[in-house]
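Note on naming: letters A, B, ... go to the chains in the order of the sequence lines (proteins, then strands), and numbering restarts at 1 for each one. Just so it is clear, the values below take in all heavy atoms, side chains as well, and ignore hydrogens, waters and symmetry mates.
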Amino acid sequence: MDMREQLLAILTETCPGVDFTRETALVDDGIIESLDLVTIVSEIMDTFQVELNVEDLLPENFNSVDDMLRLIRDAR
Amino acid sequence: MEKILDYGALAPLLREQLRPGVATNAVLSHEDYVRAIAGGGLDIQRFDGGLYLFLRRNGFSRLCFYAQQGVRPPAPEADGPLVMEIARRERDTALAELDPRWEGLGFARLFRRLRLKRPADAPPPSASAHAVRPGAPEDQDLIEELLERYYDRRTGCLPAPAELAQDLARGQVWLLEGDEGFLHIAPCPVGFQVRHIAVDPGLRRRGCAQSLLSAALTARQGQASLVWIRDDNVPSLGLFQKNSYVPDGWTSSVWLREG
């Protein structure tokens, strides 16, 4: 599985029923909530072996799959 | 307990808690933590598999926690009253499983809240039957007094003076003419959240709350909005449901442990 597929698996597990390949305002539209961000960040840190912080829990880092992939790459 | 003096000391402790399966009610932003630390009001308690955060308020502390999967949190080491709010959906089972633990630690559940959401494309509200005016910075003392009068300071999520000043400056408060009621909103990711709404008891059931809500909805037309309502507050639930708000699956429990 490549990084995108791994991330999609995490997101689908956390927030079932969302088409993450299309959404570009996941936080701004309330599809992902603060509590989900904690889960997603925890899974991302564990899966991709990166260190993220509370400061990273910003809407602009989680509004789309591409935003999250960028955050992961920057943290590596 | 340890007092946190700078965010640099807190960040690694928070990061350490971000592990798969963690249960938490700590959804504070970086800015929230920085503000709490700057005010000298943040203490922590570390324990095996978790962390407590005590946000000091006037006469009580707000308790936030992280508990790793399967961990039973210990008794919080705090003398004064502790207030804890836990918001979750049905699928957030790890949080639900901790409820008996909080009871065992001396917390009593005070009440539950439901979250209601109004979509951005909801029909416009009815016209205001009562005169409503936007709040202004010079209304700060009045709004603080109304908040104290109508909300419990421990569970009412009262804004700090600086926060209220900002909200007034940004046009996020409306008042009934005669100052016998007000409504306060704050921005949130989907649009805005109704933070407080109150009307003098002598004026209730006359459409005053509807007038306040209509003023806010008209001013923020095109935005979605949220509100948390106590599940036993039937008049308030009726008001919001009449204005196209519907429960969105989030509930919260407010817990208190007296000191």
> So what's closer than 4.5 Å to chain A heavy atoms on Asn25(B): side chain, backbone, both or neither?
Replying inline: neither
> Hey, which of Thr39(A), Val38(A), Ile40(A) has the most heavy atom pairs under 4.5 Å with chain B?
Replying inline: Val38(A)
> Does atom CD of Glu103(B) have more than 12 heavy-atom neighbours from other groups under 6.0 Å away?
Replying inline: yes
> Where along residues 25-35 of chain A does a heavy atom come under 4.5 Å of chain B, listed by residue number?
Replying inline: Val27(A), Asp28(A), Asp29(A), Gly30(A), Glu33(A), Ser34(A), Leu35(A)
>> Atom CZ of residue position Arg113(B) - does it have more than 12 heavy atoms of other residues, nucleotides or ligands inside 6.0 Å?
In response: yes
>> Below 4.5 Å, heavy-atom pairs only: which of Tyr7(B), Tyr33(B), Tyr66(B) has the largest tally toward chain A?
In response: Tyr7(B)
> So what's closer than 4.5 Å to chain A heavy atoms on Leu226(B): side chain, backbone, both or neither?
Replying inline: neither
> Which of residues 46-60 of chain A have a heavy atom under 4.5 Å from any heavy atom of chain B?
Replying inline: Asp46(A), Glu51(A), Leu52(A), Asn53(A), Val54(A), Glu55(A)
>> Tell me if the CG atom of Asp48(B) is crowded by more than 12 foreign heavy atoms within 6.0 Å.
In response: no
> Around Gln221(B), counting heavy atoms of other residues, nucleotides and ligands shown, do more than 12 lie under 6.0 Å from its CD?
Replying inline: no
> Who among Arg89(B), Arg88(B), Gln17(B) has the most heavy-atom pairs with chain A under 4.5 Å?
Replying inline: Arg89(B)
>> Using a 4.5 angstrom heavy-atom cutoff, name the option from Glu31(B), Lys117(B), Arg115(B) with the most pairs to chain A.
In response: Arg115(B)
>> Is it the case that atom CD in Glu90(B) sees more than 12 heavy atoms from other parts of the structure closer than 6.0 Å?
In response: no
>> Taking CZ in Arg112(B) as the centre, count heavy atoms belonging to other residues, nucleotides or ligands within less than 6.0 Å. Is the count above 12?
In response: no
> Got a second to check how far Met45(A)'s CE is from Arg15(B)'s CZ, nearest 0.5 Å?
Replying inline: 6.5 Å
> Which pair of non-hydrogen atoms, one from Arg91(B) and one from Cys15(A), has the smallest distance, and what is that distance?
Replying inline: NH2-SG, 3.8 Å
> Pro189(B), Cys188(B), Ala87(B): which one forms the most heavy-atom pairs within less than 4.5 Å of chain A?
Replying inline: Pro189(B)
